[in-house]
Amino acid sequence: MNEQKRAVSYLESASGILSWLGTSDHKRVALLYLFAASLWFLIATLLGFSLRLELMFPGKQLMTAQTYNAVFTLHGVIMIFLFLIPAIPAIFGNFIMPLQIGAKDVFFPRLNLFAWYLYMAGGLFALLSLFFDGPPDTGWTFYVPFSIMTQTNVVLTTTAAFILGFSSILTGLNFITTIHRLRTEKMGWLQIPLFTWSIYATSWVQVLATPIIGITLLLVILERVFGIGLFDPSKGGDPILYQHLFWMYSHPAVYIIILPAMGVISEIIPVAARKSIFGYKAIVGSSLGIAFAGSLVWAHHMYTSGMSDMAVLVFSFLTFIVAVPSAIKVFNWVATLYKGSIVMGPPFLLSLYFIFLFSIGGLTGLVLGAASTNIHVHDTQFVVAHFHFVMFGGTAFAFIAAVYFWFPKMFGRLYDFKNAYRGSTLLFIGFCIHYFPMFILGLQGMPRRYFDYVPRFATGNFIAGIGGMTMMIGIFLIVYNLWRGLRHGERAPQNPWGGVTLEWMLPSPPPTENFESAPEVKAYPYDFEEGKKL
Amino acid sequence: MISEQHEHHLPYDPEGSRLGMWLFLFSELLLFGGLFILYASYLTKYTADFVIAGKELSRTIGAINTIILLVSSYFVAASITAIRRNAPRIAMLYVGSAITLGLVFLINKYFEWGHKFHLGIYPRGPALEDRTNGEVIFYGLYYCVTGLHGLHVIIGGTLLAFALYYIYRKKITAERFVFLENAGLYWHLVDLIWIFVFPLFYLVV
Amino acid sequence: MSEKKLQHGEHEHLEESHISSYKQLLLVLFSLLVLTAITIYSASFNFGKANVWIALVIASAKSSIVVLYFMHLRYEKPVFKYMFITAIMILAIFISFIFWDLAYRYK
């Protein structure tokens with residue numbers, strides 16, 4: 001556990017901005033992503049907050065209807081393509097996954113850096129869309145025919161999404177190759193930690209599903225520029241086909257968004273409970289099952305689109321199936337906690353919040369997945385609440401949990417726990433006050449993507465606004481606390497949480513080359529006794 | 001890919017390299033797959049129009065282009081055999097032949113498209129204004145698919161050109177040839193896509 | 001002959017795998033050309049809806065040969081084959097499931 005000659009940490013091994021911009025160290029690439037993705041998260045959060053302020057009272061508060069449309073489009077595009085999809089894989093997948101499998105780096109280190117440059121380029125194109133004709137007002141879904149006709153910067157934004165998709169594909173194939181080829185010799189498939197498994201499953205979805213949106217958005221661009229006519233009803237095109245192609249990716253994309261988040265929770269729960277995870281194989285199987293089943297259900301976003309009744313029936317049925325593997329995970333996490341010796345810490349608190357919020361999100365997903373109830377709540381605030389519960393209450397909370405968990409390892413410092421609890425709890429309470437009313441508003445009939453509403457929805461929107469403000473305070477506290485920890489936090493020990501996966505066998509922060517000699521591999525990845533070593 | 005990853009002294013692992021390439025090819029398959037999904041959909045909707053428009057494409061050029069790509073795939077596969085049997089100059093000859101055939105393919109395509117442009121058959125073109133929706137869609141798909149495919153021919157040809165250069169500079173050898181293999185895999189993908197494009201666009205009945 | 005041991009368990013993976021002979025490759029090319037001729041010939045008959053399926057079957061046969069022999073998948077480890085099948089399966093699901101909608105709307 002102690003190193004005689006202290007290898008230089010990856011943070012100090014080289015200095016100067018070029019050593020970062022030209023790095024091929026997976027840990028530095030991870031931090032490059034962390035820096036950029038956090039900025040995008042904050043920008044998109046502010047955009048979202050401005051939407052909430054606008055909706056807090058009836059009538060116009062801050063912006064015109066056209067601006068409102070542009071703001072919710074950008075909010076969605078940035079949150080989804082620049083934060084939710086890349087963040088946990090590109091940051092923690094990059095940093096932690098190679099450590100968990102005992103590797104020195106990913107298989108294609110320079111491709112890794114290139115993928116980050118693509119990510120930055122995609123972000124740049126999204127920024128550019130603010131100028132010239134203004135950001136698109138189509139919603140992040142870019143439905144035709146409006147996206148073909150609107151005089152806003154659809155081409156710039158869809159190009160941004162295309163480039164970001166390419167970055168996602170390259171990262172995915174890099175991770176799959178890494179996990180297959182660079183595992184330390186003694187680590188078989190069933191010794192791989194669950195976070196790495198979640199990255200593996202996610203990477204497959206990234207490689208196979210992303211190209212579909214690539215071609216779809218490319219066709220929108222070609223349609224706008226050359227008038228090809230594939231989606232234009234006046235030329236015989238079928239707009240519903242666009243929706244099919246769009247959701248063929250975008251539904252699996254939500255599994256790209258949630259699977260790594262679940263992987264994070266699967267790492268934290270056993271450590272907090274001092275007990276091995278309940279049903280390791282079931283969680284592995286359910287991760288792969290979610291990845292696969294997620295490709296079967298896309299048209300549940302389209303029940304009211306005008307597609308055939310048969311399709312409505314079939315996709316509704318299939319959607320119920322995909323809920324099963326997700327539920328398996330929740331059962332297994334809770335079962336792990338049962339009779340464990342739980343130690344509270346910020347990662348664990350966030351994990352509890354995650355389980356609560358994600359479960360609500362998942363259950364309301366069933367309301368949406370069932371065609372009969374869907375037709376009443378489609379395109380209402382109910383949908384907005386649902387996906388914020390799973391994406392924000394789910395993935396974003398898991399992202400914060402991951403930061404809290406791996407921050408000491410990545411930066412070699414600790415942050416203040418009490419402030420972490422305070423900020424996170426404020427965020428949680430604010431979240432509930434903000435989003436619960438939206439379920440009710442949706443059931444009462446308030447549409448989504450509307451700049452204004454009829455007076456009977458005013459109370460719900462006002463309460464939601466209070467929640468929104470509370471959330472912003474919570475987020476500020478969280479970020480500030482982490483920032484202080486980075487600058488002034490006390491030095492972190494090698495293993496502050498008592499974890500047993502390989503990343504905790506390295507110094508905090510790790511040296512550039514990671515492991516100097518092949519690490520010892522436990523027979524079972526979550527063995528908290530002095531278990532059998534291979 | 002061409003040498004070991006110096007930065008981390010990762011050992012030379014051509015199988016892993018190939019694995020990465022195959023994964024990338026899967027994404028390309030799905031990319032074109034989206035276009036094939038659209039083709040299948042619109043063929044169902046506009047079968048008669050597709051037949052009419054499809055007849056206007058030259059089966060001769062289509063067939064020649066098919067043969068060109070199949071033969072070029074042979075050359076690329078054979079170049080690997082050659083380099084592994086320590087015949088780098090034959091390997092270069094084969095790779096060069098494949099590149100040449102790719103160029104011929106592109107020239108054919110240029111004339112094909114040129115002919116159609118001349119007749120006013122292109123998106124927003126005059127000749128398409130009076131045609132039925134199904135025929136407009138057929139040509140829309142035709143240009144998208146063959147255009148994207150042509151772009152991939154260019155990329156593949158460029159990769160092969162690099163491979164040719166690397167063989168010449170002895171950076172690809174009988175022991176280390178994964179770059180050539182991967183460039184070859186990409187080229188075969190280009191061939192694979194055309195194997196489907198040809199009957200679906202040129203042989204519609 | 002095949003593997004050099006480097007640091008901690010790493011191995012150099014030098015190639016020792018199958019080399020396709022020119023003869024085999026030429027045979028593959030010949031089969032592809034024959035199948036191409038067949039597909040062109042079959043298009044001179046009108047079998048109605050069957051034409052597309054015939055063309056697809058022949059194209060699939062040609063692709064299989066290219067993938068197995070030119071792309072060497074036949075001689076790769078099983079994991080490559082499973083991955084390839086997975087990718088094809090996903091594409092097949094996408095293409096076929098859209099017809100739950102289209103088959104009932106495009107009459």
Side-chain angles (χ1 to χ4, degrees), chain A residues 23-26 98 103-111 165-166 168-170 172-178 180-182 203-204 206-216 218-219 222-223 225-238 240-242 244-245 248-249 512-514, chain B residues 1-42 44-46 49 122-125 128-129 131-145 147-148 151:
Chain A
T23 186
S24 51
D25 179 351
H26 67 104
K104 282 189 190 293
D105 207 306
V106 293
F107 195 91
F108 300 112
R110 286 169 302 181
L111 192 69
F166 197 40
S168 185
I169 291 171
L170 293 179
L173 75 83
N174 210 346
F175 286 171
I176 295 174
T177 314
T178 304
H180 274 266
R181 304 302 291 184
L182 294 184
S203 298
W204 272 107
Q206 283 176 280
V207 168
L208 294 180
T210 313
I212 300 280
I213 200 168
I215 190 69
T216 309
L218 184 64
L219 289 173
L222 291 176
E223 190 111 348
V225 176
F226 296 112
I228 303 232
L230 287 173
F231 297 125
D232 186 346
S234 66
K235 290 182 181 159
D238 184 355
I240 299 182
L241 271 184
Y242 170 85
H244 275 296
L245 284 176
M248 264 181 208
Y249 165 70
T512 305
E513 297 286 315
N514 301 340
Chain B
M1 270 205 285
I2 186 68
S3 54
E4 58 260 69
Q5 290 92 328
H6 301 289
E7 299 83 357
H8 297 271
H9 314 290
L10 290 171
Y12 178 62
D13 181 4
E15 196 170 313
S17 237
R18 267 204 314 278
L19 177 62
M21 191 62 190
W22 273 102
L23 291 167
F24 183 67
L25 293 184
F26 296 154
S27 77
E28 293 275 33
L29 262 175
L30 268 296
L31 186 78
F32 280 92
L35 284 170
F36 285 121
I37 292 171
L38 277 178
Y39 178 93
S41 308
Y42 284 129
T44 311
K45 190 170 186 193
Y46 295 122
D49 289 340
Y122 52 87
R124 293 200 187 118
L128 280 183
E129 272 170 30
R131 313 278 298 251
T132 64
N133 282 338
E135 293 169 59
V136 172
I137 299 259
F138 177 89
Y139 277 111
L141 278 169
Y142 168 74
Y143 282 115
C144 283
V145 174
L148 194 62
L151 178 65

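Residue numbers start from 1 in every chain, and the chains themselves are labelled A, B, ... in the order their sequence lines are given, proteins ahead of strands.
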For residues 27-34 of chain B, tabulate all N or O donor-acceptor pairs below 3.5 Å that involve a side-chain atom, not counting sequence neighbours.
unit_1 : atom_1 : unit_2 : atom_2 : d
B:S27  : OG     : B:F24  : O      : 2.7
B:E28  : OE1    : B:H152 : NE2    : 2.8
B:E28  : OE2    : B:H152 : NE2    : 3.0
B:E28  : OE2    : B:Y186 : OH     : 3.0

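For B:Y122, no part lies near chain A; criterion is any non-hydrogen pair under 4.5 Å. In this structure, chain B has a heavy atom under 4.5 Å from the side chain of A:F166, while its backbone stays farther away. Both the backbone and the side chain of B:L141 come within less than 4.5 Å of a heavy atom in chain A. Heavy atoms closer than 4.5 Å to chain A are found in the side chain of B:I37, but not in its backbone.
Pairing each heavy atom of B:L19 with each of A:H180, the nearest pair is CD2-CB, 3.8 Å. Here the shortest heavy-atom pairing between A:G227 and B:P123 reads O-CB, 3.9 Å. Taking every heavy atom of both residues into account, B:C144 and A:L222 meet most closely at SG-CD1, 3.8 Å. When all heavy atoms are compared, the tightest approach of A:E223 to B:R124 is O-NH2, 3.9 Å. Listed here is the closest heavy atom pair of A:L230 and B:L38: CD1-CD1, 4.3 Å. Scanning both residues, A:T177 and B:G16, for their nearest heavy atoms gives CG2-O, 3.3 Å.
Scanning for salt bridge (Lys or Arg N to Asp or Glu O under 4.0 Å) contacts around B:E135 gives B:R131, with sequence neighbours left out.
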Exercise. Taking it one step at a time, do A:W204 and B:L23 satisfy side-chain contact (heavy atoms from CB on, under 4.5 Å)?
Worked result: CA-CA 9 Å; A:W204 272 107; B:L23 291 167; 3.5 Å; yes
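Counting heavy-atom pairs under 4.5 Å between each of A:N174, A:V225, A:T210 and chain B puts A:V225 at the top. The most heavy-atom pairs under 4.5 Å with chain A, out of B:D49, B:T132, B:L35, come from B:L35. Annotation: maximal heavy-atom pairing with chain B below 4.5 Å, among A:T178, A:L208, A:L111, occurs at A:L208. With chain B as the partner, the residue from A:I212, A:D232, A:L218 showing the most heavy-atom pairs under 4.5 Å is A:I212.
In the displayed structure, B:Y143 atom OH is contacted under 6.0 Å by more than 12 heavy atoms of other residues, nucleotides or ligands.
A distance of 8.0 Å separates OH of B:Y46 from CG of A:D238, quoted to the nearest 0.5 Å.
No donor-acceptor pair under 3.5 Å is formed between the side chain of B:Y42 and the backbone N or O of A:G237.
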